[in-house]
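All chains are named by letter (A, B, ...) in the order of the sequence lines, taking the proteins before the strands, and each is independently numbered beginning at 1. Computed from a predicted structure; not experimentally measured.
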Amino acid sequence: MDRNTILEVAEYHNDVVASLRYFSKTSPSFVSTRYFGRPLGDVLAVRIEETDLRSAFFVLTALEAAFRIDYLYRCQRKMKDDLSRAFRVIYRDRAENASLDEHIFETWKERSSAPGPRLIGELRGAFNFRHYLAHGRYWEPKLGRKYDFSFMYSLADDVLNAFPLLKFD
Amino acid sequence: MDVKEFDEFVKRQQEAASGIASVNWDGERKEWLDYLDRLYKKIESLLHKYVSSGQIQLERRPVKLNEEHIGAYAAEELVLKIGPKSVVFEPIGTLILGSKGRVDLIGPVGKAQILLVDSKASRPASLIHVTVGVGKKPPGPPPKPPRGTKWEWKIVTRPPERRFIEITQQNLFQLITEVASG
């Protein structure tokens, strides 16, 4: 999992959005039959919003994988830096089941130069949103901001560029 | 966790708190609102021809923002009406990773970002860097922007490219068209 993964999600997302826009203008079934009586602009906006949420979700799964792979790498390869040492203490109890928020993000916050309140806070907020998406959206989430694909992609791109995340060859 | 580790933890938290307390948050807010006003003036100027002929209506509306350390404060959004379509320049805040401020352009079928960044920056990726400490010495906080940094509003191109481009008339027209009609 790396930047190429989210790059592919973004390219796929852009293709789907472009297709929806094209389809909404040219498809006879879209224009006449299927959504008869509904403003086309509304239908298109709803479709794009749904696509947006799905793409945001997949970006977050890629980001979670990157952090978890880094955690496992640092534990199994016995890296000497403070972050890796702290991860190995967690690994003794939790092994592969470390919590992304409580263990992995918290350790990054304590053992790296990542600006805790802002960067780690943004990550936590984003993963609360992922939790909401992954569990069927059956409650009204209390989120500090409005999340969308563009935000999630930007966050993931910045994080994958900024953090020295390690991965197996 | 032994006593030594806990001591280090307490020390880190105190250092973080003193860093936060030393920031002039009121000044940060004023500076951000001033930059926001300059952005809106620039947009109004680039759209002047259409506004003066009545083809486009521009309106500033009050909004409330709430940011950590700064608290709740009043700002303005800029609403642009072109025929039946509206797009809004919505201020997001000044405590934004890697930048000094962010405004989202929101239209019926799309969104775009405008960031207040170091005028020399060409990509968001160059603005944040995280390091890991060795030998129980926590790495220092991320470096602050050097004094004399020239801040400039720039459009962020859509993912996956995410490049900073200048707010020229041509780029603004393109952006408005994208979020308004796809």
Side-chain angles (χ1 to χ4, degrees), chain A residues 3 6-11 13-14 17-18 20-22 24-25 41-42 44-45 48-49 52 55 59 74 79-86 89 108-119 121-122 144-146 148-165, chain B residues 1 5 8-9 12-13 16-17 19-20 65-69 84-85 90 92-93 95-99 102 104-113 115 123-143 156-162 178-182:
Chain A
R3 288 193 68 241
I6 63 163
L7 194 77
E8 281 178 25
V9 175
E11 285 171 349
H13 173 83
N14 289 341
V17 170
L20 278 168
R21 285 179 175 153
Y22 179 74
S24 69
K25 287 173 189 159
D42 290 358
L44 178 62
I48 288 176
E49 194 179 339
D52 205 88
S55 301
V59 163
R74 288 175 188 277
M79 308 287 289
K80 303 292 182 199
D81 60 89
D82 297 348
L83 175 76
S84 304
R85 288 176 194 275
V89 173
W108 273 102
K109 185 178 151 191
E110 295 296 333
R111 305 285 176 175
S112 78
S113 66
R118 233 184 274 182
L119 188 49
E122 290 285 21
R145 62 162 73 248
K146 202 172 177 188
D148 57 22
F149 170 69
S150 177
F151 177 86
M152 293 304 185
Y153 185 91
S154 303
L155 178 65
D157 194 32
D158 289 344
V159 164
L160 292 174
N161 272 306
F163 281 70
L165 295 174
Chain B
M1 182 179 277
E5 278 181 305
E8 281 170 13
F9 168 76
R12 278 200 300 273
Q13 300 311 310
I20 289 166
L65 299 182
N66 196 346
E67 295 190 80
E68 198 176 12
H69 309 307
K85 300 205 167 167
E90 183 183 299
I92 301 301
L95 300 180
I96 303 293
L97 279 170
S99 80
R102 179 178 144 199
D104 283 358
L105 178 58
I106 301 171
V109 294
K111 291 177 193 171
Q113 274 182 19
L115 291 180
R123 306 180 68 81
S126 63
L127 300 175
I128 313 169
H129 190 63
V130 175
T131 55
V132 173
V134 178
K136 297 201 173 179
K137 285 181 190 165
V156 187
T157 60
R158 277 192 305 176
E161 189 190 32
R162 294 189 73 228
E178 270 179 22
V179 301
S181 62

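- Heavy-atom minimum distance, B/Glu178 versus A/Arg21: O-NH2, 4.1 Å.
- When the candidates B/Ile128, B/Asn66, B/Asp104 are compared by the number of heavy-atom contacts under 4.5 Å with chain A, B/Ile128 comes out ahead.
- Of all non-hydrogen atoms in A/Pro164 and B/Val130, the two that sit nearest each other are CD-O, 3.3 Å.
- For the pair B/His129 and A/Phe163, the minimum side-chain heavy-atom distance is 4.5 Å or more.
- Among A/Asp158, A/Asp52, A/Leu83, A/Val89, the residue with the largest count of heavy-atom pairs under 4.5 Å with chain B is A/Asp158.
- Summarising the geometry, atom CZ belonging to B/Arg158 is positioned 10.0 Å from atom CZ belonging to A/Phe149; distances are rounded to the nearest 0.5 Å.
- Residues A/Lys80 and B/Val134 come closest through the heavy atom pair O-CG1, 4.5 Å.
- In this structure a side-chain-to-backbone donor-acceptor pair under 3.5 Å is present from A/Ser113 to B/Thr131.
- To the nearest 0.5 Å, atom CD of residue A/Glu49 and atom NZ of residue B/Lys111 are 7.0 Å apart.
- The minimum heavy-atom distance linking B/Pro108 with A/Ala45 is given by the pair O-CB, 3.8 Å.
- The pair B/Arg123-A/Asp157 fails the salt-bridge criterion, with no side-chain N (NZ, NE, NH1 or NH2) lying under 4.0 Å from an Asp/Glu carboxylate O.
- Proximity to chain A is limited to the side chain of B/Gln113, based on heavy atoms less than 4.5 angstrom apart.
- Both the backbone and the side chain of A/Ser154 come within less than 4.5 Å of a heavy atom in chain B.
- Between chain B and the residues A/Val9, A/Asp81, A/Val159, the largest count of heavy-atom pairs under 4.5 Å involves A/Asp81.
- At a 4.5 Å heavy-atom cutoff, the contact between A/Leu155 and chain B is made by side-chain atoms alone.
- When the candidates A/Ser84, A/Ala86, A/Ala162, A/Ala10 are compared by the number of heavy-atom contacts under 4.5 Å with chain B, A/Ala162 comes out ahead.
- Looking at A/Asn14, only its side chain comes within 4.5 Å of chain B, counting heavy atoms on both sides.
- We find the CD1-CD distance between B/Ile96 and A/Glu122 to be 7.0 Å, quoted to the nearest 0.5 Å.
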